[in-house]
Every structure is written in C-alpha cells, then in structure tokens.
Visitor: 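Mind looking over this structure? Questions follow.
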Protein chains: 2
Amino acid sequence: MNVEDGGRAGLRERKKQETRIALSWAAVQLVVERGLENVRVEDIAAAAGVAPRTFNNYFSSKAEAIAARHLDRARLIAAELRRRPPSEPLWEALRHAVAARMALGVPPPTGAPDQQWVDGVRLMMSEPSLMGEFIKAEATAEAELAAAVADRTGIDLTRDLYPTLVAGAVGVAVRTAMQHWLRADPPVPFMPLVEYALDQLARGLPLP
Amino acid sequence: MNVEDGGRAGLRERKKQETRIALSWAAVQLVVERGLENVRVEDIAAAAGVAPRTFNNYFSSKAEAIAARHLDRARLIAAELRRRPPSEPLWEALRHAVAARMALGVPPPTGAPDQQWVDGVRLMMSEPSLMGEFIKAEATAEAELAAAVADRTGIDLTRDLYPTLVAGAVGVAVRTAMQHWLRADPPVPFMPLVEYALDQLARGLPLP
DNA sequence: CGCAAAGATGCGTGACGCGCAAATTTGCTT
DNA sequence: AAGCAAATTTGCGCGTCACGCATCTTTGCG
C-alpha cells in the first residue's frame with residue numbers, strides 16, 4: 001500500500017480525482033472559449049477523455065462542474081484555519097487562512113493572478129446560471145469554515161450564531177473584494193482589498 | 001387614466017403581477033405537498049390557470065418560480081431603508097428595515113410566522129437545487145440594498161467597498177438567524193436572533 | 001492467479017427551456 | 001363606440017439534459 005506522494009488514497013481514488021479535475025477543467029476551458037450555450041456535456045466529456053455518461057457520475061450539471069474548481073479552492077480557507085496555531089488570535093488566523101487561499105492564484109514571482117482562475121471567476125460572475133452554483137460553492141465552503149471556527153473557539157455551532165456569523169463575514173469580505181477587483185478598471189492589487197474588507201468587518205463597519 | 005388603488009400601473013400590469021404571483025404561489029404549494037420531483041411545470045401552470053408555455057414567460061425554471069416570493073420579500077429591505085428618515089443612524093435604519101421585512105411573515109395578533117412562509121423557506125433550505133435560486137435571490141436583494149446604502153451614505157458603490165460590505169453583512173445576519181431559527185428544536189422567537197446577529201456584526205464580531 | 005467490488009459505459013426515457021408564429025386580449029385613438 | 005396597434009398568451013417542435021438501469025471493464029486484495 002503506497003502512502004508516498006503526500007496523498008493518502010490508492011490509485012483508484014487518485015484516478016477519480018484526476019477525472020474529476022479533468023472534467024471540471026475542460027468545462028471551464030471550453031465555456032470560456034465558446035460560451036456556455038455552445039458547449040454540450042458531450043464536448044466536455046470528450047475533452048476529458050471519458051464517455052458522456054461518465055460526466056454525470058461526477059457532476060449533475062455543467063454549472064456544477066464549472067464551480068467545482070472554485071469550490072475546491074474555497075474549501076482551503078477552512079483547512080488552512082485548522083492548520084494555524086491555536087494560540088493565534090482568531091481574526092489574525094482568518095487573515096492568514098484567506099491569504100493562503102488567495103496565494104494559489106498568484107504565482108510567486110510575478111504577483112499576477114493566473115489567467116485560468118480569473119477567467120473562471122469572471123465567467124461565473126457573468127453568466128447568471130453559473131452564479132447560482134458559484135454562490136452555492138461558497139456557501140458550502142462557509143459551512144466548513146463555520147465548523148472550523150466552532151472547533152477553534154470551542155463554541156457549539158448549534159448553540160450560538162457566532163461561528164456562522166464569522167464564516168459568513170469572511171465570505172462576504174472575499175466575495176466583495178473579488179467583485180470590486182474584477183471590475184476595477186485601472187487594475188488594483190487584490191490582497192489589499194481583502195485585507196481592507198476583513199478589517200472593516202472585524203471592526204464593525206464604522207462609516208469610513 | 002386611473003391612478004386610484006395606490007398602484008401605479010394599468011390593468012395590464014396588474015394582471016401580469018397577479019399571474020406571476022399565482023404561478024409562484026402554486027409552485028410553492030405543490031412542491032411543499034408533493035416534493036420537487038413530483039411536480040411538473042405543467043402542474044404548476046394548471047394550478048395557476050394558464051397554459052404550460054406561459055409559465056416560461058414568467059420564470060425560466062421551477063426553482064426560479066419558487067424563489068420569486070422570497071425575492072420579492074427580500075427586496076423590501078432596500079425599499080424600506082429608503083423610506084427611513086435620512087437623519088436616522090445607518091445601523092438603526094437597517095435594523096428597522098430588516099424588522100419591517102420580517103414583520104410580513106408575522107401576523108400581528110399571534111406573533112407566529114405564517115406557515116406558508118416557513119414552509120417555503122424550509123423547502124428552499126432542504127432541496128439543494130432550490131438553494132441556488134434561494135441564495136441568488138438574496139444576492140439580488142443585497143445588490144439593491146448596497147445601492148440604497150450607497151445613496152444614503154453618499155458613498156460611491158464603485159469607489160468604496162463599504163456599501164457592499166454593509167449589505168453583505170445584513171444578508172449574512174438574516175440568513176444566519178433564519179437558519180438557526182429553522183433548526184431550533186425548542187422553537188425560539190425570531191426577531192431577537194436577527195437583532196443579535198446584526199448587533200454582533202455591527203460591533204465587529206468580538207468573541208462572545 | 002482469480003474473485004468481488006467499484007467505476008465506466010451505453011441505452012432509453014421523461015422533462016425541460018426556449019424560439020417561433022398564430023391567436024387573443026388590452027389600451028388608446030378617432 | 002368602433003377599430004387598430006401593441007402586448008401577451010398559447011400551441012408546436014426541437015435540441016439538451018439528468019438520471020435509472022443493465023452491462024462491461026478495471027482495481028485491489030487474498
């Protein structure tokens with residue numbers, strides 16, 4: 001049983017993940033190029049090298065396939081939060097967790113977010129039918145983040161709104177920053193926007 | 001030209017709204033009773049007294065029809081905020097606006113939210129395919145609220161994140177409160193939950 | 001080496017979303 | 001009051017889609 005390469009699962013599980021990512025990636029690629037209406041599920045399956053029917057074994061719609069990559073990324077915030085030292089103040093840990101999640105889209109040297117990601121996000125913000133899945137993905141990620149916050153603070157999720165509120169606030173900060181960043185005509189750096197948004201929320205949104 | 005009856009539009013516009021609401025209401029009714037999978041668009045149209053094809057003149061999916069009532073309600077927050085006196089502090093005005101929106105579900109005498117609304121919200125929170133539309137509706141309402149906040153504060157939506165953050169925070173507060181309220185086993189009153197959530201967010205989410 | 005489980009594939013079906021054009025209704029003019 | 005133009009509803013048809021079911025292939029383990 002191989003436990004090398006950092007991953008935990010066997011070949012079976014790995015191949016599944018590869019197929020999943022291949023499908024999702026192909027979906028984004030094709031739809032960015034041709035537009036949502038001009039890409040059939042069949043095309044995506046073909047681009048990923050699987051049978052059309054297999055597509056629905058992984059995703060139940062085109063939109064879900066496209067949002068999958070976003071979801072994977074958004075999940076990282078919760079995962080990263082759990083990795084931060086427990087002694088660290090909550091909001092500082094959150095800041096780091098968010099930063100870690102964003103860093104994925106930013107190749108170290110250049111500082112410019114990778115085009116793939118930007119295109120994907122732009123796509124999901126423009127097509128209304130994708131927006132639903134996009135936001136649903138973030139809601140899922142927020143639920144996980146709320147659980148992580150609950151664990152870290154020792155507050156029962158079902159007893160107090162606090163963890164959910166914090167997770168929601170982080171979500172709003174990220175979404176809002178992203179939205180403004182995408183539409184900023186003279187492009188502005190992204191991280192400062194998120195930092196600013198998180199800061200405002202952590203301070204209680206006083207009038208600027 | 002009649003300007004009576006408070007409404008502004010002619011008979012034509014009014015009938016359209018009636019049909020729209022009839023369709024949306026029928027959709028919620030039927031799906032609550034039979035489950036999403038056991039209701040066809042045809043059934044909804046029949047229940048509303050129109051041809052099946054007409055359904056798609058108003059909504060482009062079952063989910064959208066169901067979320068429509070929720071959307072109409074969520075819009076009220078922005079509308080109500082604009083009605084509040086400009087001298088009122090922002091957060092106080094927001095509190096009132098939210099309260100006004102919630103009051104719709106609570107018949108004055110009893111204080112118990114009407115079943116129709118509760119069923120609808122429960123439905124949208126349970127069926128994943130409805131959740132998308134549900135959240136999308138809230139996103140739309142949040143955009144309107146952000147615009148209202150921008151107008152009230154004189155802050156340009158495109159220049160500063162503030163209005164969007166505030167709108168987002170209100171959305172999170174409402175959603176979170178609603179979610180906890182729905183799953184509270186010994187039922188708890190709703191308004192205090194929202195008040196608490198809004199308060200926490202306005203204070204900057206200090207650890208309770 | 002071989003078997004049981006998991007996944008991939010092919011096929012068939014019911015429903016959906018929507019474009020198009022004809023029929024009907026509404027609102028305003030003369 | 002009559003009638004016309006615009007808006008709306010309706011019927012029809014097409015291309016996709018989501019998914020259940022049965023079958024074939026691959027994987028992992030004894």
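Naming convention: chains lettered A, B, ... in sequence-line order (proteins, then strands); numbering from 1 in each chain.
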Visitor: Okay, side chain of W181(B), backbone of V188(B): is any donor-acceptor separation there less than 3.5 Å?
Guide: yes
Visitor: Looking at K62(B) and V39(B), would you say the former's side chain and the latter's main chain have a donor-acceptor pair under 3.5 Å?
Guide: yes
Visitor: Expressed in angstrom and rounded to an integer, what is the separation of R40(A) atom CZ from dC14(D) atom P?
Guide: 17 Å
Visitor: Taking only heavy atoms on the protein side, list every residue of residues 19-39 of chain A lying under 4.0 Å from any atom of DNA chain C, sorted numerically.
Guide: none
Visitor: Taking atom P of dG7(C) as reference, at what distance in whole Å does atom CD of E13(A) sit?
Guide: 7 Å
Visitor: Can you tell me the distance, in whole Å, between the CZ atom of R14(B) and the C1' atom of dG27(C)?
Guide: 14 Å
Visitor: Between atom CD in E133(B) and atom P in dC16(C), what is the gap in whole Å?
Guide: 15 Å
Visitor: Taking all non-hydrogen atoms of both residues, which atom of V121(A) and which atom of M178(A) are closest, and how far apart?
Guide: CG1-SD, 3.7 Å
Visitor: Looking only at heavy atoms, which two atoms of I44(A) and F55(A) are closest? And how far apart?
Guide: CG2-CE1, 4.0 Å
Visitor: Expressed in angstrom and rounded to an integer, what is the separation of K15(A) atom NZ from dG7(C) atom P?
Guide: 13 Å
Visitor: Distance check, rounded to the nearest 0.5 Å: I135(A) atom CD1 versus I135(B) atom CD1?
Guide: 7.0 Å
Visitor: Once you round it to whole Å, what is the distance between P of dG7(C) and CD of E18(A)?
Guide: 15 Å
Visitor: Between the main-chain N or O of L182(A) and the side-chain N or O of R122(A), is there a donor-acceptor pair closer than 3.5 Å?
Guide: yes
Visitor: Quick check: does any side chain N or O of T153(A) sit under 3.5 Å from a backbone N or O of V149(A), one acting as donor and the other as acceptor?
Guide: yes
Visitor: At their closest point, which heavy atom of E88(B) faces which heavy atom of R152(B), and how far apart are they?
Guide: O-NH1, 2.9 Å
Visitor: For DNA chain C, determine which residues of residues 42-61 of chain B have any heavy atom closer than 4.0 angstrom to one of its atoms, and list them numerically.
Guide: R53(B), N56(B), S60(B), S61(B)
